[in-house]
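Residue numbers begin at 1 in each chain, while the letters A, B, ... track the order of the sequences. If you're wondering where the values come from, they're calculated on a predicted model, not measured in any experiment.
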Amino acid sequence: MSMAAQEIRIRLSDGEARTLDFGTPEGREVYWHSTSHLMAQAVRELFPEAKLAIGPPIEDGFYYDIDIGRPFAPEDLQWIEKRMKDLARRNLPIEPLALSRAEARALFERHGDKYKLELLDGIPDDPISFYRQGEFVDMCRGPHLGNTGQIKAVKLLSTGGAYWRGDENREQLARIYGVSFPDEQQLADHIHMLEEAKRRDHRKLGRELEIFIQSEDAGQGIPLWLPRGATLRRTLERYIVDLELQLGYEHVYTPPLANVDLYKISGHWDHYRDNMYPVMKIDNEELVLRPMNCPHHIMIYKHGQHSYRDLPVRIAELGLMHRYERSGVLTGLARVRGMVLNDAHIFCIPDQIKAEFITVVEMIQRVYRDLGITEYIYTLSRRDPANKEKFAGDDAIWENAEALIVDALRDLGLAYREDVGGAAFYGPKLDIDVKSAAGKYETLSTIQVDFLLPERFDLAYIGEDNKPHRPVMIHRGVISTLERMTAFLIELHAGAFPLWLAPEQVRVLPIADRHVDYARAVAAALKARDLRVHVDDRNEKIGKKIREAQLMKTPYMLVVGDKEAETRSVAVRHRSDGDLGALPLDAFADRAAAEVSARR
RNA sequence: GCCGACGUAGCUCAGUUGGCAGAGCGGCUGAUUCGUAAUCAGCAGGUCAGGGGUUCAAGUCCCCUCGUCGGCUCCA
């Protein structure tokens with residue numbers, strides 16, 4: 001992509017002309033917004049009955065929600081795209097236009113534009129800002145490009161359903177997604193990037209690399225981990241548990257079934273029931289599959305008395321939980337119905353919150369470094385002071401907690417976004433959103449301060465004054481669920497996991513049958529160094545064995561033949577660096593073991 | 001859950017206007033013993049997602065169910 005500024009000429013609703021750079025978020029926003037209008041114009045010409053809803057720019061393109069009484073077919077997109085190109089080529093001026101409320105209403109009524117009429121009712125202005133290009137007029141705040149000719153390269157990407165105003169009880173509209181650029185090469189690069197994301201799709205790689213499968217018979221949203229996937233998962237489990245033990249967490253095991261009363265006390269039964277499986281009545285109990293682990297950890301905290309000297313108490317678990325997710329949202333390992341969360345609950349004195357927060361953030365940074373995650377942002381979710389009734393606890397507690405978090409973030413020197421009103425009902429939180437291979441940010445880690453559950457479960461510690469006091473809970477998840485983290489890592493690394501995570505680290509490839517014994521000896525020596533190694537002892541040519549090891553993205557392939565067997569060496573091939581030449585077996589073992597412990 | 005598309009061998013996919021279910025890879029057997037991305041030959045493998053219907057005849061047309069994919073809504 002060209003680094004030079006790409007100037008685009010725009011026009012504000014008052015008619016003033018300005019220039020923007022397509023390379024900036026504002027520039028792209030205007031550019032794509034105008035492209036969505038161009039698409040609406042094309043659709044209107046091809047489908048005169050079409051009722052337009054909304055057509056905003058999004059992070060990587062634009063969409064327009066349109067009602068033509070049926071969904072769009074792929075062929076429709078071709079026609080629309082072609083018409084858009086014609087309209088762009090005609091280089092129509094895009095001009096602002098002020099219409100009075102009455103004029104706007106008359107215009108929409110003439111077209112039967114019921115969605116626009118509804119939007120109009122929500123806009124207080126009079127007159128109202130419109131833009132016109134050729135025959136086409138759309139209500140819009142703007143700004144827009146000065147003319148359609150600046151739209152050089154357009155691609156309509158996909159269609160889908162969308163509810164009017166995002167409300168599933170209202171009309172279902174047809175949405176068309178697209179993207180556009182000032183230059184054909186940029187479009188080609190963008191399409192290439194989309195293909196690359198598809199190539200990395202963890203569902204595709206998960207099957208090809210034998211990480212997991214889905215079984216129709218086992219049920220929806222219940223992936224089955226294959227041996228190689230289980231090895232990857234076990235590596236993650238051991239890594240995170242060891243790290244947590246080092247950092248002063250105590251690990252526990254609690255079962256995924258619970259008496260529903262536990263979740264009635266916690267409030268989940270009221271707030272979260274739609275995501276829970278129904279109650280199972282057995283003997284005299286009503287059992288549920290838990291959607292979260294917190295109440296179990298609270299039971300463990302409550303089991304004994306706690307002195308202020310013992311706090312913070314950090315209870316951790318790789319906790320199995322089940323959540324009912326609507327069938328349409330299930331996605332490979334990324335969105336499932338049964339999952340294992342890297343969960344912990346820190347019970348502390350209020351003035352320990354800041355220090356605990358800092359420790360958890362530092363832990364997350366370290367874990368990301370080890371996993372190869374480099375791009376992420378912090379989001380502080382606060383209470384909305386204008387909407388206090390949605391949040392539990394009094395002002396002083398909230399103000400104090402938010403101040404502590406801000407203070408901690410300042411000590412850490414971290415830039416962060418704020419999401420006012422995004423807090424959990426029980427307290428403020430910090431989310432860490434990680435950039436995925438597809439370029440989208442998703443929340444993998446979270447740290448939440450909770451004043452409510454200690455209250456509901458009547459938790460206490462004994463203070464210096466020999467009286468009971470209420471502790472604060474911090475809920476924190478570092479590596480998310482093992483399912484989602486695995487999906488994320490597959491896509492991040494395109495299946496080529498760093499050596500320490502690779503399910504199969506080394507594959508030994510004997511050249512002929514007479515080298516199999518030596519190959520097995522090599523494997524045994526490497527296993528003794530805790531390396532995960534297999535021997536490909538099939539009667540196949542070396543080229544084929546290499547090809548298949550490459551396709552499985554095996555980090556190291558060791559070719560062994562007469563020369564190597566005689567000198568107790570291995571011919572090392574790396575999956576991305578190629579043939580590295582021969583090394584003494586011990587030297588290779590040292591090199592690989594060092595690479596594993598450095599987690600490179 | 002809603003809208004749409006799709007579902008053929010373990011995997012990737014062909015299969016004409018309805019007329020005998022196919023290929024490559026993989027698997028098995030045999031030959032071959034080979035030096036950095038696919039050795040050759042033979043064989044086996046199917047309730048065409050499941051159920052119902054139309055028809056002389058259904059992988060193909062219609063209906064229902066299940067699942068997958070793309071969206072919406074929601075989210076670790």
Check: A:Pro255 main-chain N/O paired with A:Arg290 side-chain donor or acceptor under 3.5 Å:
yes

Strictly below 4.0 Å: does [X] bring a side-chain N or O up to OP1 or OP2 of [N]?
| X | N | result |
| --- | --- | --- |
| A:Arg203 | B:rC69 | yes |
| A:Tyr64 | B:rG71 | no |
| A:Arg573 | B:rG35 | no |
| A:Arg170 | B:rC3 | no |
| A:Ser158 | B:rG71 | no |

Evaluate the criterion ring-ring contact (aromatic ring centres under 6.0 Å, His included) for residue pair A:Tyr272 and A:Tyr324; output intermediate values, then yes/no.
CA-CA 10 Å; A:Tyr272 210 76; A:Tyr324 168 73; over 10 Å; no

So [X], base contact, sugar-phosphate only, or nothing? Heavy-atom distance under 4.0 Å.
| X | answer |
| --- | --- |
| A:Ala571 | base |
| A:Glu210 | nothing |
| A:Tyr177 | sugar-phosphate |

Work out how far the [atom1] atom of [N] is from that of [M], and round it to whole angstrom.
| N | M | atom1 | answer |
| --- | --- | --- | --- |
| B:rG27 | B:rC20 | C1' | 26 Å |
| B:rG15 | B:rA31 | P | 40 Å |
| B:rA9 | B:rU65 | C1' | 24 Å |
| B:rG51 | B:rU60 | P | 13 Å |
| B:rC40 | B:rU17 | P | 36 Å |
| B:rA49 | B:rG59 | P | 10 Å |
| B:rA44 | B:rC28 | P | 16 Å |
| B:rC48 | B:rG18 | C1' | 15 Å |

Which nucleotide, in any strand shown, forms a Watson-Crick or G-U wobble pair with [N], with both distances under 3.5 Å?
| N | answer |
| --- | --- |
| B:rG22 | B:rC13 |
| B:rC72 | B:rG1 |
| B:rC6 | B:rG67 |
| B:rG30 | B:rC40 |

Can you see whether A:Arg234 engages A:Tyr239 through a side-chain donor-acceptor pair at a distance of less than 3.5 angstrom?
no

Choose from [options] the nucleotide whose nearest atom is closest to any side-chain atom of [X].
| X | options | value |
| --- | --- | --- |
| A:Gln172 | B:rC74, B:rG1, B:rC3 | B:rC3 |
| A:Arg323 | B:rU36, B:rG70, B:rC75 | B:rC75 |
| A:Arg514 | B:rU33, B:rA76, B:rU39 | B:rU33 |
| A:Glu325 | B:rU33, B:rA76, B:rG71 | B:rA76 |
| A:Tyr163 | B:rU39, B:rC72, B:rA76 | B:rC72 |
| A:Glu548 | B:rC74, B:rG26, B:rA76 | B:rG26 |
| A:Ile542 | B:rC34, B:rG35, B:rA76 | B:rG35 |
| A:Asp562 | B:rG35, B:rG1, B:rG70 | B:rG35 |
| A:Arg207 | B:rU39, B:rA76, B:rC11 | B:rC11 |

Expressed as a whole number of angstroms, how long is the span from [X]:[atom1] to [N]:[atom2]?
| X | N | atom1 | atom2 | value |
| --- | --- | --- | --- | --- |
| A:Met485 | B:rC75 | CE | C1' | 16 Å |
| A:Asn275 | B:rU73 | CG | P | 16 Å |
| A:Lys544 | B:rG26 | NZ | C1' | 9 Å |
| A:Glu566 | B:rG35 | CD | C1' | 14 Å |
| A:Arg175 | B:rU73 | CZ | C1' | 11 Å |
| A:Gln550 | B:rA37 | CD | P | 8 Å |
| A:Gln220 | B:rG7 | CD | P | 19 Å |
| A:Asp431 | B:rC75 | CG | P | 12 Å |

Cation-aromatic face contact A:Arg170/A:Tyr163, 6.0 Å, 45 degrees:
no

Using the six-membered ring wherever Trp is involved, compare the ring planes of A:Tyr263 and A:His296 and label them parallel, tilted or perpendicular (cut-offs 30° and 60°).
tilted

Show the numbers, then the answer: is there a side chain to side chain donor-acceptor pair (under 3.5 Å) between A:Gln550 and A:Arg573?
CA-CA 10 Å; A:Gln550 284 282 160; A:Arg573 181 187 167 99; 2.9 Å; yes

First encountered from the 5' end of RNA chain B, between A:Ala162 and A:Thr446:
A:Ala162

Specify the residue among A:Ile511 and A:Ser480 whose closest nucleotide of RNA chain B lies further upstream toward the 5′ end.
A:Ile511

Does the pair A:Arg520 and A:Asp537 meet the rule for a salt bridge (Lys or Arg N to Asp or Glu O under 4.0 Å), with working shown?
CA-CA 9 Å; A:Arg520 292 198 174 122; A:Asp537 58 6; 2.8 Å; yes

Please say which of A:Leu38, A:Ile54, A:Leu52, A:Thr35 ends up in a side chain to side chain contact (heavy atoms under 4.5 Å, CB included) with A:Tyr64.
A:Leu52

